[in-house]
Amino acid sequence: MADNLQMWTDLGMDVDKHDALCQVLPTAFGDVYLSQENRPEGMGFYDFVVADIHGIRPSELIEAQKNGRKVFGTFCVYVPDEVVIAADGIVSGLCGGSQFWVEGGEKVLPKSTCPLIKASVGARLDRTCPFFRIADMYVGETTCDGKKKAYEILGEDVPMYIMDLPQMKREKDIVKWAEEIKDFAAKVEEFTGNKITVEKLNEAIHTINEKRKALARIYETRKSDVIPISGKDALLVMQIAFFDDPARCAEMANKLADECEQRVKDGVSVFPAGTKRIMLTGTPLAIPNWKLHHIIETSGAAVVCEEMCTGTRYFENLVEEDLGSLDEQYMALSKRYMKNNCACFTPNDARIDDIVRLAKEYNVDGVIDTNLKFCCLYDTERRNVERALNEAGIPVLGIETDYADSDAEQLRTRIEAFVEMLG
Ligand code: BJ8
């Protein structure tokens, strides 16, 4: 702790303000996570990471920086980690998921901005998150308008590179994204001083594919009637995957997947037989946003899948490996990343198809479509989501919420009624 304090001071953090966050997080984690029964033993690693979330990984990153490596902070699953890793850089996800940071964001952003953006900006400007201090460069992307404008504000405080993401998925858009990835690679080479070679990019593509496969193995076990891991725990694994070392992430996820597979074989479920199975779809749940999972899983249901960027969108689809030239590799990356289905694209039919497909694959009783307040993209897309689920005969509940606890009881009432309606 004393070492952490020195590190946070050296990072220029507002340690007094940060103390307030350090005081509430362990209680919140204890209430939401440690109160669960019969968790897989493999969750011990993730509990350990959260117990010192602003200490362990930040000190690893600082150590790497001392050895000349650069840290790139990202906000979106369209930014290809592979390119950074191929130049011996490190990627750290930066999306803010705590109400604690929202107030700081509201000092410079309209109140009617989504909480994910407000929290991300607040965490940087209030100097209360080490990850936001450590990153040498932020990488933004032209997804939603709120993020685009927020990047201009963040760019006054930290080196910022923006990737111009197309908003349609025609052949020419995929070519354009490949070009954009190539430009990003040139920037990463310049910033790190390291050349990206075909071999290095192949290795990086392999590393991230292995991480995707490991996470997919855990999700695969959630399709079973026996539910070997709670939705809350699966969400935590995904949230930590955004900033952990990718090889370690794959190793720990594979260990957890081994255990979950064994639990399925042995019939070990964390929920009683007959518990209603829920899939969540919508905007991402950045750490430590555990609100909805906690409410659902203490309302007689289990979350078995998340069609979200902190869920299936993060690991589905692999990048083609072992290609012989950088241009082919950039195109392969583009093809894979353009299979992500964010509501900033139009049309976005593939997401609607995915939701129905996943609801069937995970054998869910109902879907909760959850959107962060003031995210008009996902809010507007709800119409298509509900229509497709209605046509497929799958019950759906639409929810809009933020990071504050003020609506928790109201949400609980609605979710309990929905679960009861599922029979
Ligand atoms: S690919 S979902 S991570 S942009 S919730 S900030 S869209 S107003 S987070 Fe996202 Fe990339 Fe899309 Fe995924 Fe804007 Fe909406 Fe806020 Fe959002």
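Numbering of ligands and ligand atoms starts at 1, following listing order. Excluded from the calculations below are hydrogen atoms, water molecules and symmetry mates; all remaining heavy atoms, backbone and side chain alike, are included.
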Any heavy-atom pair between the side chains of [Y] and [X] that's under 4.5 Å?
| X | Y | result |
| --- | --- | --- |
| E60 | R248 | yes |
| F243 | T74 | no |
| E381 | N348 | yes |
| L397 | V367 | no |

Legend entry - CD/Q167: more than 12 non-hydrogen atoms of other groups inside 6.0 Å: yes

Tell me: protein heavy atom nearest [atom], and distance?
| atom | value |
| --- | --- |
| atom 2 (S) of ligand 1 | Y378 OH, 3.1 Å |
| atom 15 (Fe) of ligand 1 | C375 SG, 2.3 Å |
| atom 16 (Fe) of ligand 1 | C114 SG, 2.3 Å |
| atom 11 (Fe) of ligand 1 | C76 SG, 2.3 Å |
| atom 12 (Fe) of ligand 1 | C342 SG, 2.2 Å |
| atom 4 (S) of ligand 1 | K147 NZ, 3.3 Å |

Going by the order shown, which atoms of ligand 1 are within less than 4.0 Å of some heavy atom of [X]?
| X | result |
| --- | --- |
| I117 | 6 (S) |
| T283 | 5 (S) |
| C309 | 1 (S), 2 (S), 3 (S), 13 (Fe) |
| C144 | 6 (S), 7 (S), 8 (S), 14 (Fe) |
| Y78 | 1 (S) |
| T143 | 4 (S) |

Inset, instruction - Calculate, to the nearest 0.5 Å, the distance between atoms OH and CG belonging to Y138 and D157 respectively. - result: 7.0 Å

Legend entry - Check: E189 side chain, I196 main-chain N or O, donor-acceptor pair, under 3.5 Å: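 Yes, E189 side chain to I196 backbone: donor-acceptor pair under 3.5 Å.
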
Inset, instruction - Ignoring hydrogens and angles, tell me if any N or O in the side chain of S230 forms a donor-acceptor pair with the backbone of D233 under 3.5 Å. - result: yes

Inset, instruction - May I ask you to check whether Y403 and W101 place their ring centres under 6.0 Å from each other? - result: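 So the answer is no for these two rings.
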
Inset, instruction - Determine, for Y362 and K223, whether the Lys NZ or Arg CZ falls below 6.0 Å from the six-membered ring centre while staying within 45 degrees of the axis. - result: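 Yes, a cation-pi geometry.
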
Legend entry - Within reach of ligand 1, part of C95 (heavy-atom separation under 4.0 Å):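 Within the 4.0 Å criterion, C95 makes no contact with ligand 1.
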
Legend entry - Sub-4.0 Å heavy-atom approach of G146 to ligand 1: no

Inset, instruction - Examine ligand 1 and decide if any of its atoms is less than 4.0 Å from a heavy atom belonging to N340. - result: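 No, that is not the case, since the closest heavy atom of the residue is not under 4.0 Å from the ligand.
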
